[in-house]
Structure formats: C-alpha cells, structure tokens
Colleague: 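Once you've had a glance at the structure underneath, I'll fire off some questions.
Only this structure's heavy atoms are used, side chains among them; waters, hydrogens and symmetry mates stay out. Order of the sequence lines fixes the chain letters, A, B, ..., with proteins taken first and strands second; residue numbering starts at 1 for each chain.
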Amino acid sequence: MSQEVRVRFAPSPTGPLHIGGVRTALYNYLLAKKLGGKMLLRIEDTDQNRFVPGAEQYIIESLQWLGITIDEGVGVGGPHEPYRQSERSAIYQEHAQILLDAGKAYYAFDTSEELDAMRATFESQGSAFQYNAVTRTRLKNSLTLSEEEVKAKIEAGEPYVIRLKVPAKEEIRFKDLIRDWVHVHSSTIDDKVLMKSDGLPTYHLANVVDDHLMNITHVIRGEEWLPSAPLHVMLYRAFGWENTMPQFAHLPLLLKPEGNGKLSKRDAEIGGFPVFPLEWTNPEGVKSIGFREEGYLKEALINFLAFLGWNPGTEQEIFSLEELTQAFSLERINKSGAKFDINKAKWYNEQYLRQQSDEALASQYLTDFETDKAVKIVHLFKERVTFPQQIVSEANALFVAPTSYDQAVIASKWNDDAKKAITAFKEALPALDNFVADEIKHTLSAELEKLGIKMGKVMQALRVAVTGAGAGPDLMLLMEIIGKDAVIQRLDTALTTL
RNA sequence: GGUCCGUUCGUCUAGGGGUUAGGACACGUCCCUUUCACGGAUGAAACACGGGUUCGAUUCCCGUACGGACUACCA
C-alpha cells in the first residue's frame, strides 16, 4: 500500500520561533514536497503557563515569509481540525481513558511537594528518583490504593495525574532514519505523566495521539526529543498502533558559534546576530532582532539553514527552495550538531543580493530616488555590501558633501600636481554639457595630458576631494550620479580647505 | 550521577579499507583595477586517543577521552 507522506511541524507558542525550529520546519517541508506529500502545522499549546500571546501568529508569519507553505493545520484548516492542541482536550481525555481501562495507565495522587521531597531524599543517598515499576508500589496511586479510595479522592476533587505504566523489563528499539537503530531498556524510563492535573495532556500523550489521528508518516524533529522517543514508541504500543507508527528522524542540533551548548538567544545578543526569523517584541516590550529586518533575504536564510546539517553530496552551494526540494533526502542529513556561523549566512546573503537585478533592487529599496539614478546606484553598490539597506545608506551618503577627508590619502596624495590637476579639471567642468562618466573621464584625461600628469597620480586625490574617502566604486560613475554642480562645489571646497 | 546520541581543516562539510583526504566560509599572498570591493589564481589548515580485525585503517569493532541532549504535572 502506498501511503501519502504526511509530516508536521508542531511548535509551542511560547515565544518567537527559534532559528533551529525554522530549520526543522524547512526539513519537514522539503521532505513533504519532495515526496508529493502534505505539510501540517499543529500548535502544541498544552502548557497554559508558558503560552505567549502573539507567538502563534509569529510562527505563521515566519513560515509565510520564508515560503514554507502549510497544506493543512492552524491557519489553513483541514480534515483533522482542530489543529490547536488546547482545543482537543476531549480527544486526549478519551485516549487517556482507553489506557486506563486497559490497565496501561493509572491515576497518581502524589503532590509536587511529595515528589520533590522524594527526589531530595534519593539524591541525598546518591541516587536518582524515578517514578517507575519499583517505586510506584510505594506511592499514592490507583495501583496501591483501593478502587473505593481512588473513586473517593476523585469525587472529592483531589488533584491527580494520569501516568503511563511503563513495563519493568522490556527492550525498546526503533529505527531512526538518521541514527539507525536506537535501543533503550524500559527500566530506564519512568512512568511519565500523560495527563496533568489541569486536565490537559503532556507533550508525550498529545503528540502521539495527534500524530496517529492525523496520519503522520514521518516525525522529523530536533534531537532533544531523542531521549523521549522510546517512550513514544511505548505509547504507540500501548494503544495498539505500533504497526502504523510514523518513522522518526531526529535532527542534529544547532550549536553555539563558540564554546559549548546549543544555540541560544543569549549567543545572538553577544554575537550581534539574529536567531529569530522576524523581529519580535516580547510582552514586556523587549525587542529581539530578526533575520528579515536585518536584511537577510529569505532565499539566503533558507539556503544557509538547509546546509546546516544537510548537504547534497555535490559541490553546488547555491540552491533555490525548488532545487532543495529536488535534492533533499533524509539520508543525507548528518548526525552531529552544527555550530552556527553567521559569516556563512552573510556570504549567502551577498550571493543572493548580487543575483538580483539592479532594477529589482532599485524599485524595492531605493524608492526615494528617481528610477534611472536608483538603478545606477544599485549597480555601483550591490557587489560591495552584505545587506540591501547598506545600499540605501550608501546612496544617501552620496548626496552629502564630505565633512572630513581620509587623512592617510591626503598626506600621501594631496600634492601640488594633484591640486594643479584638480583645479584644471574643475575649471573644465562647466563647459561639459553631457555630464556622464565617459565624458567626465575624457575631460579629466584631456586636462591631465595638457599638464603632463599621469592619471594614477591624481585619481586618489580627486576621489578624496569628491567623496572624502580613499576607496570606493568607480569615481567617474560616482561623479555622474552626484551631478555636475555638486562635484564642482565639492572640488572648490577641497581646494580651498585642504 | 544515570540514559541516549555524537566526534574529518578555526567553522559548515565531502569521502570512505590502499586518495596528493575534496569543496565552501573565514584568513594569507598574487593577478585584475585609478582605489576599494567583486572576480580569478594560489597558500596555510583536519581524520580526538588507545587497542583490536586486516597485507593495509581516517574508514570496521571495542574501549577511553571529549562534546551534546535528556533526566518537570515544559515542550
């Protein structure tokens, strides 16, 4: 039976989507598109305490910006609605009941304080507390209490959780598409809480139930889930769903650029680079920068992210989203974590920036300038900047006369010959009707020839006189854009002040 | 501490029983250029360690070291 591939991206709305999450979404999307399947977006908002208003919208906008389209789920709907877990509590309760009835789960009445105390005691004896096959016989739960006692407690409104009754001795193994077989013994897994005392499920239950009900075929998620994957396998087993269980692929983590550990918001602050796709202002009003606002092009971000943990096996580095969907495969994802290097992201951005036409960039970013001037400016600067907004600031700077001059150049190049040449050039300029690069150059060389001075001798001095800087794009083009009157004025200023 | 996962240039990685261990970013040098940048060329730079297996191991196996994740009524 050939089955439609269905993957899901299932973030929690606890804040802005982290760049690692974006990559997870991307890989899911890539696999779905490659295999002609569907990409779902499910919001895992079962923790009311960590819910952040606006986070869901942020996630949707981020994916939209990047072109990671959702076929089914929050925001678009679909046959398995609702796709927000907070709206599915009845489903989880029902499924928890199935496990309870089958004797595969049980009620537990231990309070958090009691459990904390347990943990402290165990720790003081040098061991770790686990709610499991051996300890559950001594704790307050429906396995140790009589049926009447349990009933009474529940009816009295005493808070309780539902825990999975993990078998004492069972070998759990599953095949991870990236890591191959992973084996774990059930004795190392504790009786995880499935339903919290607030009546909402934990991640584990909700995730397994939803993935099953939504016919998910591939679970592609971060490596932080690898340790709980065996628990999920046990849950599939407990429900009798093992034969339709999705395949797992646990992605390597994105690591700090330097030092140890996974990439965090703090690293971004230290390094001065974004870790969120879009700018985000948290409920307290604190703003975090985003890739989009910093000037990263979505194509560059996608390409960069795709290559953090995956590669096509060829030497091609530049891939459009469409090319990525063609080339992508889970088999070529590697196992080890990748340090996040913003330099590579910048390089990708430069590549994509240069790929765009002068006209497109001009109409998108230089709307304050007349079109043909804007196009010329873009042409001059797009190969020398990393971000589009740098073209804008360069453009604006063009029309401001220099307020200071590069002293090193002045010291070595601002000599009598240069002054003589620049004076002659300046005086020849008013007669020049067609003030374009070629004509300007002709005028300059004509004047230099008369004086017997070589071009190379004066170019730098001239550049400094016009722009204040010792380096930059083609000076003739620059002067053309600045305009005749302004150039003459600047030369005057330089000649009289320097 | 326990469980699980990992380890090729500074970074992202290719490769895989016999290779001059390849590419990209960053870095150095040179060329181009009126300068800078782009571009081109080029250089430096890596198989964590110890045992096996083998004629031969960076590649396979086992240990060790190191790194990471998880260890909540968070996801």
Colleague: Between protein and nucleotides 69-75 of chain B, map the contacts as a letter string: B base, S sugar-phosphate only, - none, heavy atoms under 4.0 Å, written 5' to 3'.
Modeller: SS--BBB
Colleague: What interatomic distance, in whole Å, is found between C1' of A37(B) and the corresponding atom of U19(B)?
Modeller: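 About 38 Å, rounded to a whole number of Å.
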Colleague: Provide the distance between the two C1' atoms, one in C74(B) and one in G15(B), to the nearest whole Å.
Modeller: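 It works out to 41 Å between them.
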Colleague: Please report, rounded to the nearest Å, how far the P atom of C4(B) is from the NZ atom of K335(A).
Modeller: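 Spelled out: NZ on K335(A) to P on C4(B) is 17 Å.
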Colleague: Considering heavy-atom distances to RNA chain B, does R463(A) or S336(A) have its closest nucleotide positioned more toward the 5' end?
Modeller: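 Result: S336(A).
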Colleague: Can you tell me the pairing partner of U64(B) across any strand shown, Watson-Crick or G-U wobble, with both distances under 3.5 angstrom?
Modeller: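 Base-paired to A48(B).
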Colleague: Do S264(A) and D267(A) have a side chain donor and acceptor closer than 3.5 Å?
Modeller: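 Result is yes, a qualifying pair exists.
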Colleague: Answer with base, sugar-phosphate or nothing: what part of the nucleic acid does H183(A) contact at a heavy-atom distance below 4.0 Å?
Modeller: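 Sugar-phosphate, no base atom in range.
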Colleague: Rounded to whole Å, how long is the line connecting atom CD1 of I342(A) with atom C1' of G10(B)?
Modeller: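 I342(A) atom CD1 is separated from G10(B) atom C1' by 17 Å.
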Colleague: Rounded off to whole Å, could you give me the OH-to-P distance for the Y348(A) and A26(B) pair?
Modeller: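 My rounded result for the distance is 12 Å.
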Colleague: Can you check the distance between U58(B) and A69(B), where both ends of the measurement are the C1' atom (answer in whole Å)?
Modeller: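 That atom pair is separated by 27 Å.
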Colleague: Report the base-pairing partner of U3(B) (Watson-Crick or G-U wobble, both distances below 3.5 angstrom), or none.
Modeller: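 U3(B) is paired, partner A69(B).
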Colleague: Applying ring-ring contact (aromatic ring centres under 6.0 Å, His included) as the test, list every pair that has at least one member in residues 187-208 of chain A; sequence neighbours left out.
Modeller: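 Only Y203(A)-W225(A), Y203(A)-H232(A), H204(A)-H232(A) qualify under ring-ring contact (aromatic ring centres under 6.0 Å, His included).
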Colleague: Classify the side chain of K344(A) and the base of A26(B) as holding, or not holding, a donor-acceptor pair under 3.5 Å.
Modeller: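 For K344(A), whose side chain was compared with the base of A26(B), there is no donor-acceptor pair (under 3.5 Å).
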Colleague: State the pairing partner of A41(B); accept Watson-Crick or G-U wobble contacts with both distances under 3.5 Å, and report none otherwise.
Modeller: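 Paired with U29(B).
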Colleague: For the P atoms, the ones on C38(B) and on C25(B), what distance do you get once it is rounded to whole angstrom?
Modeller: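 Between the two P atoms, the distance is 11 Å.
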Colleague: Which of these passes salt bridge (Lys or Arg N to Asp or Glu O under 4.0 Å) with D191(A): K165(A), K104(A), R136(A)?
Modeller: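 Only one of K165(A), K104(A), R136(A) forms a salt bridge (Lys or Arg N to Asp or Glu O under 4.0 Å) with D191(A), namely R136(A).
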Colleague: May I have the distance from N334(A) (atom CG) to G68(B) (atom C1'), rounded to whole angstrom?
Modeller: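 Distance check: N334(A) CG to G68(B) C1' gives 14 Å.
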Colleague: Using whole Å, what does the distance between atom P of nucleotide A24(B) and atom CG of N311(A) come to?
Modeller: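 That distance rounds to 14 Å.
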Colleague: Between G470(A) and E350(A), who's closer to the 5' end of RNA chain B by nearest nucleotide?
Modeller: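 Comparing both residues, the 5'-ward one is E350(A).
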Colleague: Take R119(A) and D116(A) through the test salt bridge (Lys or Arg N to Asp or Glu O under 4.0 Å) and record every step on the way to the result.
Modeller: CA-CA 5 Å; R119(A) 279 188 263 269; D116(A) 285 346; 3.6 Å; yes
Colleague: Which nucleotide, if any, forms a Watson-Crick or G-U wobble pair with U11(B), using both distances under 3.5 Å?
Modeller: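 Base-paired to A24(B).
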Colleague: When you compare A24(B) with A44(B), how far apart are their P atoms, in angstrom units rounded to a whole number?
Modeller: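 The same atom, P, in both gives a distance of 15 Å.
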Colleague: To the nearest Å, how far apart are Q390(A) CD and C38(B) C1'?
Modeller: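 Atom CD in Q390(A) sits about 15 Å away from atom C1' in C38(B).
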Colleague: Would you measure the distance from the C1' atom in U3(B) across to the matching atom in C9(B) and give it in whole Å?
Modeller: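 To the nearest whole Å, 33 Å.
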Colleague: Tell me whether the OP1 or OP2 atom of G15(B) has a side-chain N or O from R332(A) closer than 4.0 Å.
Modeller: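 Affirmative; the distance criterion is met.
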Colleague: Please list all pairs meeting salt bridge (Lys or Arg N to Asp or Glu O under 4.0 Å) that have one or both residues in residues 85-94 of chain A, counting only residues at least two apart or in different chains.
Modeller: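 Counting only pairs at least two positions apart or across chains, the salt bridge (Lys or Arg N to Asp or Glu O under 4.0 Å) contacts touching residues 85-94 of chain A are R84(A)-E87(A), R88(A)-D210(A).
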Colleague: Let me know the distance between CG of D341(A) and P of A24(B), rounded to the nearest Å.
Modeller: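 The answer, rounded to whole Å, is 16 Å.
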Colleague: Checking base pairs now: Watson-Crick or wobble, both atom distances under 3.5 Å. What partners U58(B)?
Modeller: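 No nucleotide pairs with U58(B).
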Colleague: Among I172(A), L235(A), V166(A), whose side chain to side chain contact (heavy atoms under 4.5 Å, CB included) with P230(A) holds?
Modeller: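 Per the side chain to side chain contact (heavy atoms under 4.5 Å, CB included) rule, the option paired with P230(A) is I172(A), out of I172(A), L235(A), V166(A).
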Colleague: Are any side-chain N or O atoms of T386(A) and backbone N or O atoms of K346(A), one a donor and one an acceptor, separated by less than 3.5 Å?
Modeller: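 Pair absent, no side-chain N/O of T386(A) close to backbone of K346(A).
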Colleague: Classify the nucleic acid contact of G309(A) as base, sugar-phosphate or nothing, counting any heavy atom under 4.0 Å across all strands shown.
Modeller: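 Contact class for G309(A): sugar-phosphate only.
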Colleague: Less than 3.5 Å apart, any donor N or O on the side chain of R8(A) or N28(A) sitting next to an acceptor on the other?
Modeller: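 Absent: no donor and acceptor within the cut-off.
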Colleague: What distance, rounded to whole Å, do you find between the two P atoms, one in A14(B) and one in U8(B)?
Modeller: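 Between the two P atoms, the distance is 10 Å.
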Colleague: Mind checking A338(A) for me? I need base, sugar-phosphate or nothing, with any heavy atom below 4.0 Å counting as a touch.
Modeller: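 Contact class for A338(A): sugar-phosphate only.
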Colleague: Nearest whole angstrom, please: distance from the C1' of U11(B) to the CD of E317(A).
Modeller: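 One finds 13 Å between C1' of U11(B) and CD of E317(A), rounded.
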Colleague: For F304(A), which of F340(A), F291(A), Y296(A) qualifies under ring-ring contact (aromatic ring centres under 6.0 Å, His included)?
Modeller: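 Result: among F340(A), F291(A), Y296(A), F340(A) is the only option passing the ring-ring contact (aromatic ring centres under 6.0 Å, His included) with F304(A).
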Colleague: Heavy atoms under 4.0 Å, any strand shown: does G472(A) hit a base, just sugar-phosphate, or nothing?
Modeller: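 Here G472(A) touches the bases of the nucleic acid.
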Colleague: Using the P atom as the reference point in each nucleotide, state the distance between C4(B) and U64(B) in Å, no decimals.
Modeller: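 Approximately 13 Å lies between the P atom of C4(B) and that of U64(B).
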